[in-house]
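Below, chain A is the first sequence line, B the second, and so on; all start at residue 1.
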There are 2 protein chains.
Amino acid sequence: MKISRTEDLRLDCQHCPVRHRAICAASDDEQFDRLNAIKFYKSVPAGQAVALRGERLDVVASIVSGVATLSKTTVDGRMQITGMLLPSDFIGRPGRDCCEHDITAVTDLTLCCFRRRQFEDLIERAPGIRKRLLDIAFDELDAARNWMLLLGCLTAREKIVSFLMLVVHRSVLPEDADQPVQIDLPLSREAMASYLGLTIETVSRQMSRLRKDGLIELETARHVIIPDTSRLLVELENAD
Amino acid sequence: MKISRTEDLRLDCQHCPVRHRAICAASDDEQFDRLNAIKFYKSVPAGQAVALRGERLDVVASIVSGVATLSKTTVDGRMQITGMLLPSDFIGRPGRDCCEHDITAVTDLTLCCFRRRQFEDLIERAPGIRKRLLDIAFDELDAARNWMLLLGCLTAREKIVSFLMLVVHRSVLPEDADQPVQIDLPLSREAMASYLGLTIETVSRQMSRLRKDGLIELETARHVIIPDTSRLLVELENAD
DNA sequence: GCGCTGCCTTGATCCATGTCAAGACGTTCC
DNA sequence: GGAACGTCTTGACATGGATCAAGGCAGCGC
């Protein structure tokens with residue numbers, strides 16, 4: 001079932017769900033055809049590593065569907081998730097053959113891959129893709145630095161609210177403003193804790209507090225209803 | 001005096017102290033001449049802003065001498081330094097006309113500037129510079145993510161040690177291994193605190209503890225002698 | 001010298017978040 | 001159904017680092 005869906009995608013970039021947001025978004029027809037010609041799909045089941053830190057990594061990829069995390073771990077096992085990768089996000093680094101992070105599939109993952117060498121050749125000749133890549137890199141850098149503000153300065157409650165709003169913004173939502181927003185959290189409590197520089201207990205407690213304060217409803221632990229986003233945003237009015 | 005030194009630099013990239021590490025490092029003779037032709041120098045006195053968040057920024061630049069910080073501030077005044085910029089580091093973002101961070105001169109600063117438009121045109125035609133820029137962006141991204149591990153997972157003591165080792169690595173040192181290493185801290189206690197996600201008191205206390213433990217000597221608050229780097233590194237053996 | 005200023009250090013106390021422990025809830029497998 | 005497992009929640013307690021407060025010290029102007 002999953003495979004047949006992957007096969008569908010192989011046949012047709014035009015219907016690819018991330019066609020207009022991924023690395024290929026800015027390519028003209030010719031560049032697009034070239035990308036199309038060298039791409040191949042890969043599935044990674046939930047929980048499995050896409051790549052490990054220090055490992056050789058000869059592909060770059062876009063996420064077509066699913067969620068992955070970037071993380072680093074200390075020798076004694078403390079882990080920090082340094083990025084949450086959602087559909088259209090880019091994996092890998094042209095010009096570098098070894099992986100700086102652990103990349104882990106959080107859900108089943110479909111990747112649109114390119115051999116790194118071929119991709120490197122291509123960007124030399126495709127100014128659209130090249131520019132897009134530079135823009136992606138700088139956007140990621142801005143995001144990482146914004147996350148540094150979160151990790152260094154915000155309280156546990158503010159961190160949780162920031163995370164919820166991040167998920168809201170990355171969700172494809174019916175833009176009926178003022179409607180209650182419903183989101184599915186892409187990460188477990190444990191992964192949220194690691195992403196936010198907290199413990200799992202603190203995450204759980206703060207979620208409960210937000211619920212008791214009427215700012216969110218928890219249909220299940222992972223499915224959150226936000227009756228009024230603006231009321232949630234008040235929690236961040238001093239932060240950022 | 002400062003101005004005459006700046007004037008010297010204007011006349012001669014060949015003797016520029018960051019010639020082989022900055023954005024111009026990978027350029028061939030022709031590209032180098034083009035960069036040379038459009039560059040101009042700018043001095044910023046210590047304490048002054050180079051650019052403010054949200055402000056229009058029509059130049060990109062390399063730091064020739066001095067130290068600057070990138071920072072973000074919350075509405076209620078909590079600040080996180082997201083980057084420390086030393087000589088050869090790059091400022092600005094091609095393809096984006098507004099500044100995402102506050103950039104502040106920590107010491108007197110000499111910048112080698114390019115008008116952004118001219119620079120953008122140039123990188124389209126200069127593959128060496130273009131590649132170098134992409135590499136710089138990805139290196140900065142790796143550094144930012146490593147700093148996220150520090151902010152999210154490390155103890156105050158580990159943070160201080162990490163910072164000291166960062167300064168050691170960025171200092172141009174006589175590589176007589178096993179010699180006591182001497183460093184001048186580029187940041188005040190306050191700036192260190194903000195960079196490490198701590199308070200100034202905690203920074204001060206941890207520095208004192210490291211001194212009492214014989215791992216560092218403080219000739220002045222800013223001048224640190226590390227009798228044995230390997231002994232300091234033991235403090236990090238569980239971290240990263 | 002002397003007072004002022006900015007920066008740093010130190011001490012006493014507090015509190016947000018971590019740690020430890022127990023139990024609740026949902027899912028799967030038999 | 002119910003046992004077993006993973007995930008999440010909640011409570012009691014501990015603590016690392018924040019906060020509040022005082023004082024030290026070097027540089028500078030007069």
*Contact class for B:Thr199 vs. all strands (heavy atom < 4.0 Å): base, sugar-phosphate, or nothing?*
base

*Does the pair B:Asp184/B:Arg222 count as a salt bridge with the N-to-O cut at 4.0 Å?*
no

*Check: B:Glu140 and A:Arg145 side chains under 4.5 Å, non-hydrogen atoms*: yes

*When you get a sec, tell me which of D:dG17, D:dT19, D:dC8 is the closest nucleotide to the side chain of B:Gln206?*
D:dG17

*How close or far is atom P of D:dA26 from atom CD of B:Glu219, stated in whole angstroms?*
13 Å

*Side-chain contact test, heavy atoms from C-beta onward, threshold under 4.5 Å: evaluate it for B:Met207 versus B:Leu185 and give yes or no.*
yes

*When every nucleotide of nucleotides 10-16 of chain D is labelled 5' to 3' by its protein contacts under 4.0 Å (heavy atoms), B for base, S for sugar-phosphate only, - for none, what sequence of letters results?*
BBB----

*Would you mind classifying the nucleic acid contact of B:Arg209 as base, sugar-phosphate or nothing, using non-hydrogen atoms under 4.0 angstrom?*
nothing

*asked:* Just the rounded figure in Å: distance from P of C:dC8 to NE2 of B:His223.
replied: 16 Å

*Which one of A:Ile103, A:Asp89, A:Asp102, A:Ile91 satisfies the side chain to side chain contact (heavy atoms under 4.5 Å, CB included) criterion with A:Leu70?*
A:Ile103

*Charged N to carboxylate O below 4.0 Å: is that the case for B:Arg93 and A:Asp139?*
yes

*Spacing of B:Leu196 atom CG relative to D:dA18 atom P, expressed in whole Å*: 11 Å

*With heavy atoms under 4.0 Å as the rule, sort B:Thr220 into base, sugar-phosphate or nothing.*
nothing

*Rounded to whole angstrom units, what separation is found between the CZ atom of A:Arg78 and the C1' atom of C:dT19?*
15 Å

*Between B:Tyr195 and B:Trp147, how do the two ring planes meet: parallel, tilted or perpendicular, split at 30° and 60°?*
parallel

_Regarding B:Arg222, tell me which of base, sugar-phosphate or nothing describes its non-hydrogen contacts under 4.0 Å with the strands shown._
sugar-phosphate

*Expressed in angstrom and rounded to an integer, what is the separation of B:Leu187 atom CG from C:dG6 atom P?*
20 Å

